[in-house]
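Taking it in order: structure first as C-alpha coordinates, then the write-up.
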Amino acid sequence: MSDFVNLDLDRPRRTGTPEVVYGAGKTAAQIATILYRIHRSGQIALATRVDALKAEAVLAELAAQAPGVAVRHHADAAMLEIRPEAEARAEPVGSVLVISAGTSDLPVAAEAVAVAEALGNRVSLIQDVGIAGLHRILSHLDRLRAARVIIVAAGMDGALPAVVAGLVAAPVIGLPTSVGYGAALNGIAPLLTMLNACAPGVAVVNIDNGFGAAMLADRINRGLP
(Lines give C-alpha, C1' and ligand atoms only; values in the text may rest on other atoms or scores of the structure.)
Protein backbone atom coordinates (compact mmCIF):
# COMPACT_ATOMS: atom_id res chain seq x y z
CA MET A 1 0.00 0.00 0.00
CA SER A 2 1.45 3.36 -0.99
CA ASP A 3 -1.31 5.49 0.56
CA PHE A 4 -0.97 4.32 4.19
CA VAL A 5 0.17 7.76 5.39
CA ASN A 6 -1.26 11.29 5.09
CA LEU A 7 1.60 13.59 6.02
CA ASP A 8 1.03 16.95 7.68
CA LEU A 9 3.77 18.89 5.89
CA ASP A 10 2.21 22.23 6.84
CA ARG A 11 2.80 21.62 10.54
CA PRO A 12 6.08 23.59 10.80
CA ARG A 13 4.37 26.72 9.45
CA ARG A 14 1.41 26.35 11.84
CA THR A 15 3.22 25.26 14.98
CA GLY A 16 6.94 25.88 14.50
CA THR A 17 7.79 22.19 14.86
CA PRO A 18 7.73 19.34 12.31
CA GLU A 19 5.69 16.17 12.16
CA VAL A 20 7.68 13.35 13.78
CA VAL A 21 7.30 9.63 13.04
CA TYR A 22 6.34 7.41 16.01
CA GLY A 23 8.20 4.24 15.12
CA ALA A 24 6.60 1.76 17.51
CA GLY A 25 4.00 -0.35 15.72
CA LYS A 26 5.23 0.61 12.25
CA THR A 27 7.23 -1.63 9.95
CA ALA A 28 10.74 -0.69 8.86
CA ALA A 29 9.46 -0.16 5.32
CA GLN A 30 6.72 2.19 6.53
CA ILE A 31 9.14 4.23 8.65
CA ALA A 32 11.62 4.48 5.78
CA THR A 33 8.93 5.61 3.34
CA ILE A 34 7.58 8.27 5.70
CA LEU A 35 11.04 9.59 6.56
CA TYR A 36 11.98 9.82 2.90
CA ARG A 37 8.76 11.66 1.99
CA ILE A 38 9.34 14.19 4.76
CA HIS A 39 12.96 14.56 3.70
CA ARG A 40 11.94 15.16 0.06
CA SER A 41 9.74 18.04 1.23
CA GLY A 42 12.85 19.83 2.53
CA GLN A 43 12.02 19.37 6.22
CA ILE A 44 13.91 17.65 9.00
CA ALA A 45 12.76 14.04 9.28
CA LEU A 46 12.72 12.36 12.70
CA ALA A 47 11.52 8.95 13.88
CA THR A 48 11.30 8.06 17.56
CA ARG A 49 10.94 4.69 19.30
CA VAL A 50 12.99 2.82 16.70
CA ASP A 51 14.87 0.05 18.49
CA ALA A 52 18.27 -1.17 17.31
CA LEU A 53 16.97 -4.09 15.26
CA LYS A 54 14.31 -2.04 13.50
CA ALA A 55 16.74 0.86 12.97
CA GLU A 56 19.07 -1.46 11.09
CA ALA A 57 16.20 -2.52 8.83
CA VAL A 58 15.09 1.11 8.28
CA LEU A 59 18.64 2.12 7.33
CA ALA A 60 18.75 -0.71 4.79
CA GLU A 61 15.38 0.38 3.34
CA LEU A 62 16.51 3.99 3.08
CA ALA A 63 19.77 2.98 1.42
CA ALA A 64 17.68 1.27 -1.27
CA GLN A 65 15.09 4.08 -1.64
CA ALA A 66 17.44 7.05 -1.29
CA PRO A 67 21.10 6.20 -1.88
CA GLY A 68 23.38 8.86 -0.49
CA VAL A 69 20.92 10.33 2.01
CA ALA A 70 22.71 10.77 5.34
CA VAL A 71 20.77 9.24 8.21
CA ARG A 72 21.86 9.69 11.81
CA HIS A 73 20.99 6.93 14.25
CA HIS A 74 20.78 8.08 17.88
CA ALA A 75 21.11 4.62 19.39
CA ASP A 76 20.81 5.73 23.02
CA ALA A 77 17.59 7.60 22.22
CA ALA A 78 16.17 5.03 19.74
CA MET A 79 15.77 7.83 17.18
CA LEU A 80 16.57 8.34 13.49
CA GLU A 81 17.26 11.77 11.99
CA ILE A 82 17.61 13.07 8.43
CA ARG A 83 18.41 16.74 8.05
CA PRO A 84 17.57 18.76 4.93
CA GLU A 85 20.46 18.56 2.48
CA ALA A 86 20.69 22.29 1.87
CA GLU A 87 20.27 23.26 5.49
CA ALA A 88 23.03 25.23 7.15
CA ARG A 89 22.96 24.34 10.83
CA ALA A 90 22.13 27.43 12.85
CA GLU A 91 23.77 28.05 16.19
CA PRO A 92 21.72 26.32 18.93
CA VAL A 93 19.43 28.65 20.85
CA GLY A 94 18.55 29.15 24.49
CA SER A 95 19.25 26.62 27.20
CA VAL A 96 17.37 23.36 27.78
CA LEU A 97 18.67 21.28 30.67
CA VAL A 98 17.68 17.60 30.87
CA ILE A 99 18.13 15.79 34.18
CA SER A 100 18.07 12.02 34.59
CA ALA A 101 17.38 10.98 38.19
CA GLY A 102 19.06 7.60 37.71
CA THR A 103 20.87 5.62 35.07
CA SER A 104 17.73 3.54 34.52
CA ASP A 105 15.88 6.74 33.51
CA LEU A 106 18.54 7.60 30.94
CA PRO A 107 16.90 6.09 27.80
CA VAL A 108 13.85 8.34 28.28
CA ALA A 109 16.05 11.34 29.07
CA ALA A 110 18.15 10.57 25.98
CA GLU A 111 15.04 10.75 23.79
CA ALA A 112 14.31 14.21 25.20
CA VAL A 113 17.90 15.32 24.56
CA ALA A 114 17.98 14.00 20.98
CA VAL A 115 14.64 15.56 19.99
CA ALA A 116 15.40 18.93 21.60
CA GLU A 117 18.82 19.07 19.94
CA ALA A 118 17.38 18.11 16.54
CA LEU A 119 14.97 21.05 16.82
CA GLY A 120 17.89 23.45 17.27
CA ASN A 121 17.97 23.96 21.03
CA ARG A 122 21.13 24.20 23.08
CA VAL A 123 20.83 21.15 25.35
CA SER A 124 22.86 19.80 28.25
CA LEU A 125 22.39 16.71 30.39
CA ILE A 126 22.92 15.96 34.08
CA GLN A 127 22.85 12.27 35.00
CA ASP A 128 22.31 10.23 38.16
CA VAL A 129 21.28 12.92 40.64
CA GLY A 130 18.23 11.33 42.27
CA ILE A 131 17.01 12.40 45.70
CA ALA A 132 18.47 9.37 47.50
CA GLY A 133 21.64 11.48 47.52
CA LEU A 134 20.30 15.04 47.63
CA HIS A 135 23.78 16.57 47.64
CA ARG A 136 24.19 15.41 44.02
CA ILE A 137 21.53 17.74 42.58
CA LEU A 138 22.57 20.57 44.92
CA SER A 139 26.08 20.41 43.48
CA HIS A 140 24.66 21.56 40.11
CA LEU A 141 22.84 24.69 41.30
CA ASP A 142 24.69 27.03 38.93
CA ARG A 143 23.68 24.92 35.90
CA LEU A 144 20.10 24.60 37.15
CA ARG A 145 19.70 28.33 37.56
CA ALA A 146 21.26 29.12 34.16
CA ALA A 147 18.72 27.03 32.23
CA ARG A 148 15.70 28.53 30.52
CA VAL A 149 13.65 25.34 30.88
CA ILE A 150 14.41 22.06 32.68
CA ILE A 151 13.21 18.54 31.92
CA VAL A 152 13.45 16.09 34.84
CA ALA A 153 13.14 12.37 34.07
CA ALA A 154 12.47 10.26 37.15
CA GLY A 155 10.85 6.98 38.09
CA MET A 156 10.46 5.32 41.49
CA ASP A 157 8.87 7.99 43.74
CA GLY A 158 9.18 10.71 41.07
CA ALA A 159 10.03 13.42 43.61
CA LEU A 160 12.96 15.06 41.81
CA PRO A 161 10.98 17.55 39.64
CA ALA A 162 9.45 19.15 42.76
CA VAL A 163 12.89 19.40 44.38
CA VAL A 164 14.31 21.09 41.27
CA ALA A 165 11.33 23.44 40.93
CA GLY A 166 11.92 24.60 44.50
CA LEU A 167 15.42 25.71 43.56
CA VAL A 168 14.94 27.57 40.26
CA ALA A 169 12.85 30.23 38.52
CA ALA A 170 12.70 28.34 35.20
CA PRO A 171 9.71 26.15 34.30
CA VAL A 172 10.24 22.48 35.08
CA ILE A 173 8.82 19.67 32.95
CA GLY A 174 8.27 16.47 34.90
CA LEU A 175 8.96 13.38 32.82
CA PRO A 176 7.81 10.26 34.70
CA THR A 177 9.48 7.00 33.70
CA SER A 178 8.28 3.43 34.03
CA VAL A 179 11.24 2.61 36.29
CA GLY A 180 10.69 1.14 39.73
CA TYR A 181 9.53 -1.82 41.76
CA GLY A 182 5.96 -3.14 41.73
CA ALA A 183 4.22 -0.30 43.55
CA ALA A 184 5.65 2.16 41.02
CA LEU A 185 3.00 0.64 38.70
CA ASN A 186 5.07 1.08 35.53
CA GLY A 187 5.29 4.83 35.97
CA ILE A 188 1.87 5.65 37.40
CA ALA A 189 3.28 6.33 40.88
CA PRO A 190 5.86 8.91 39.70
CA LEU A 191 3.27 10.41 37.36
CA LEU A 192 0.88 11.02 40.27
CA THR A 193 3.69 12.35 42.45
CA MET A 194 4.64 14.88 39.78
CA LEU A 195 1.03 15.91 39.24
CA ASN A 196 0.77 16.53 43.00
CA ALA A 197 4.04 18.46 43.25
CA CYS A 198 3.83 21.12 45.94
CA ALA A 199 6.49 23.29 44.29
CA PRO A 200 4.94 25.67 41.71
CA GLY A 201 6.12 25.79 38.12
CA VAL A 202 5.97 22.06 37.34
CA ALA A 203 4.20 20.77 34.21
CA VAL A 204 3.99 17.03 33.57
CA VAL A 205 4.00 14.92 30.40
CA ASN A 206 2.99 11.29 29.98
CA ILE A 207 4.98 8.29 31.19
CA ASP A 208 8.22 7.75 29.23
CA ASN A 209 7.27 10.59 26.85
CA GLY A 210 10.70 12.11 26.27
CA PHE A 211 9.51 13.31 22.87
CA GLY A 212 6.60 15.26 24.36
CA ALA A 213 8.83 16.79 27.02
CA ALA A 214 11.30 17.96 24.36
CA MET A 215 8.58 19.47 22.18
CA LEU A 216 7.19 21.45 25.12
CA ALA A 217 10.67 22.53 26.17
CA ASP A 218 11.35 23.70 22.59
CA ARG A 219 8.30 25.96 22.62
CA ILE A 220 9.17 27.42 25.99
CA ASN A 221 12.82 27.90 25.06
CA ARG A 222 11.97 29.64 21.79
CA GLY A 223 8.91 31.49 23.06
CA LEU A 224 6.74 29.82 20.42
CA PRO A 225 2.93 30.08 20.64
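In what follows, every heavy atom counts, from backbone to side chain, and hydrogens, waters and symmetry copies are set aside. Everything numeric here is computed off the predicted structure, so don't read it as measured data.
- Among all heavy-atom pairs drawn from Ala146 and Ser95, the shortest one is O-OG, 3.9 Å.
- Atom CG in Leu216 sits 11.0 Å away from atom CG in Asn221 (nearest 0.5 Å).
- Put simply, CD1 on Ile44 and CG on Leu119 are 6.5 Å apart, with the number rounded to the nearest 0.5 Å.
- Rounding to the nearest 0.5 Å gives a distance of 7.0 Å between CD1 of Ile31 and OG1 of Thr27.
- Ala109 approaches Leu125 most closely through the heavy-atom pair CB-CD1, 4.5 Å.
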What verdict does the side chain to side chain contact (heavy atoms under 4.5 Å, CB included) test give for Leu138 and Leu167, after you've listed the backbone C-alpha separation in whole Å, the side-chain angles of each residue and the deciding distance to 0.1 Å? CA-CA 9 Å; Leu138 294 177; Leu167 297 170; 3.9 Å; yes
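- Counting non-hydrogen atoms of neighbouring residues, nucleotides and ligands closer than 6.0 angstrom, the CZ atom of Arg72 reaches no more than 12 such neighbours.
- Using a 4.5 Å heavy-atom threshold, the side chains of Glu81 and His73 count as separate.
- Two residues are said to be in side-chain contact when any heavy atoms from C-beta on lie closer than 4.5 Å; Leu175 and Val98 fail this criterion.
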Residues 127-136 side chain polar contacts: donor-acceptor under 3.5 Å, at least two apart:
| unit_1 | atom_1 | unit_2 | atom_2 | d |
| --- | --- | --- | --- | --- |
| Arg136 | NE | Gly133 | O | 3.3 |
| Arg136 | NH2 | Gly130 | O | 3.0 |

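- Contact check for Val20 versus Val115: no side-chain heavy atoms found under the 4.5 Å cut-off.
- The nearest pair of heavy atoms linking Leu160 to Ala154 is CB-CB, 4.4 Å.
- Look at Asp10 and Arg13 and you find a salt bridge, because one of the NZ, NE, NH1 or NH2 atoms lies within 4.0 Å of a carboxylate O, short of that distance.
- Atom CD1 in Ile150 sits 5.5 Å away from atom CG in Leu97 (nearest 0.5 Å).
- Salt bridge Glu56/Lys54: absent, no basic N to carboxylate O contact under 4.0 Å.
- Using a distance-only test at 3.5 Å, with no hydrogens or angles considered, a donor-acceptor pair links the side chain of Asn196 to the main chain of Leu192.
- The shortest heavy-atom contact between Val202 and Pro161 is CG2-O, 4.1 Å.
- Shown here are the salt bridge (charged side-chain N to carboxylate O under 4.0 Å, His left out) partners of Arg49, two or more places apart in sequence or in another chain: Glu111.
- Between Thr48 and Val21, every side-chain heavy-atom pair lies at or beyond the 4.5 Å cut-off.
- Cluster membership for Val93 and Ile220, using ILVMFWY side-chain heavy atoms within less than 4.5 angstrom, is not shared.
- With rounding to the nearest 0.5 Å, the separation of OG in Ser178 from CD1 in Ile188 is 10.5 Å.
- Under the 4.5 Å side-chain contact rule for hydrophobic residues, Leu9 and Val69 share a cluster.
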